[in-house]
Amino acid sequence: MGSTAAESTTVESTDGVKLHTRLFKAAEPAPENLAVVLVHPYSVLGGFQGLLRGIATGLAEKGYHAITFDMRGAGRSTGRASLTGFAEVNDVTAVCKWITESLSPSGIVLVGSSAGAPIAGSAVDKINEVVAYVSIGYPFGMTASILFGRHHQNILKSDKPKLFIMGTKDGFTSVKQLENKLKSSKGQTETQLIEGVGHFQMEGPTFDNHMVGFIVDFISSLSEKKVGESGL
């Protein structure tokens with residue numbers, strides 16, 4: 001990945017929590033004029049926005065404004081992290097509102113990594129500007145569902161296009177568990193499986209290029225589908 005510079009700012013969440021936010025601006029925006037908001041892994045286990053810097057940089061180089069931020073209690077943000085991620089849904093909506101007002105994109109693609117996936121998934125239908133959703137390692141498994149199970153239906157019942165990326169050796173969710181969950185998913189739902197790769201391995205910088213490729217291809221498919229439906 002290159003060395004795209006990020007602009008730092010502070011965004012206020014709905015309850016006054018201050019969120020440290022970074023905007024990776026695309027030097028040459030893609031025709032879709034979409035912004036991608038990335039939601040980092042579980043704050044309680046040390047997740048913070050720096051883990052998504054490589055993906056954000058890659059997306060900016062591909063023409064998409066990318067936004068990372070520390071959810072409450074993580075990194076340089078104020079407040080306290082919650083165990084189940086429901087307070088953090090407000091952080092996602094606040095950042096999406098800020099980027100909508102700041103850049104006026106034609107739409108927002110929400111990307112959540114690990115525990116950030118259920119948090120982002122619960123925000124999708126709360127934000128009109130969100131046009132699609134990408135999950136990286138959604139924790140659908142039984143153990144993880146103790147914390148995040150109440151988020152599941154929020155994304156599965158959404159009609160907005162969805163992409164689920166997962167390693168076949170993910171320790172939190174098996175391929176079978178993913179497939180069973182997605183049977184009830186509404187709207188356009190796609191999966192990308194990475195053979196032989198585990199949950200935390202996929203989150204590492206080694207796979208940043210893969211994630212950027214999957215996200216960009218997914219965005220391109222949305223544009224192609226829209227053109228096809230319009231009969232152009």
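Quantities reported herein were computed from a predicted structural model and do not represent experimental measurements.
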Pairs touching residues 29-47 that satisfy side chain to side chain donor-acceptor pair (under 3.5 Å), sequence neighbours left out: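 Only E32-Y64, E32-S223 qualify under side chain to side chain donor-acceptor pair (under 3.5 Å).
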
Under-4.0 Å salt bridge between E12 and K18: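 Salt bridge: yes.
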
Lys/Arg N to Asp/Glu carboxylate O, R72 vs D91, below 4.0 Å: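 Result for this pair is yes, salt bridge flagged.
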
Residue pair S82 / F86: nearest heavy atoms and the distance that separates them: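 So the minimum-distance heavy-atom pair works out to OG-N, 3.7 Å.
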
P161 versus L222, closest heavy-atom pair with distance: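 Answer, listing the atom of P161 first, then L222: CB-CD2, 3.5 Å.
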
In this structure, would [X] and [Y] fall into the same cluster of hydrophobic residues linked by side-chain contacts under 4.5 Å?
X: V89; Y: M71; value: yes
X: V131; Y: I108; value: no
X: L34; Y: M211; value: yes

Going by atom type alone, with no hydrogens or angles, which donor-acceptor pairs under 3.5 Å involve a side-chain atom of residues 111-127 and a protein atom two or more places apart or on another chain?
| from | atom 1 | to | atom 2 | distance (Å) |
| --- | --- | --- | --- | --- |
| S114 | OG | H199 | NE2 | 2.8 |
| S114 | OG | E203 | OE2 | 3.2 |
| S122 | OG | P118 | O | 3.4 |
| S122 | OG | H151 | ND1 | 2.6 |
| S122 | OG | N154 | ND2 | 2.8 |
| D125 | OD1 | S158 | OG | 3.0 |
| D125 | OD2 | S158 | OG | 3.3 |

At what distance, to the nearest 0.5 angstrom, does [atom1] of [X] lie from [atom2] of [Y]?
X: L23; Y: S102; atom1: CG; atom2: OG; answer: 8.0 Å
X: L19; Y: N90; atom1: CG; atom2: CG; answer: 10.0 Å
X: I136; Y: I165; atom1: CD1; atom2: CD1; answer: 5.0 Å
X: I194; Y: M166; atom1: CD1; atom2: CE; answer: 10.0 Å
X: F69; Y: T10; atom1: CZ; atom2: OG1; answer: 13.5 Å
X: W98; Y: T93; atom1: CH2; atom2: OG1; answer: 14.5 Å

Side-chain contact test, heavy atoms from C-beta onward, threshold under 4.5 Å: evaluate it for [X] versus [Y] and give yes or no.
X: T100; Y: K97; result: no
X: K162; Y: S185; result: yes
X: F207; Y: V197; result: yes
X: S145; Y: H152; result: yes
X: I99; Y: H65; result: no
X: Y133; Y: F218; result: no
X: M202; Y: H210; result: no
X: I55; Y: V36; result: no

Enclosure of K160 NZ (heavy-atom neighbours >12, cutoff 6.0 Å):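 Enclosed.
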
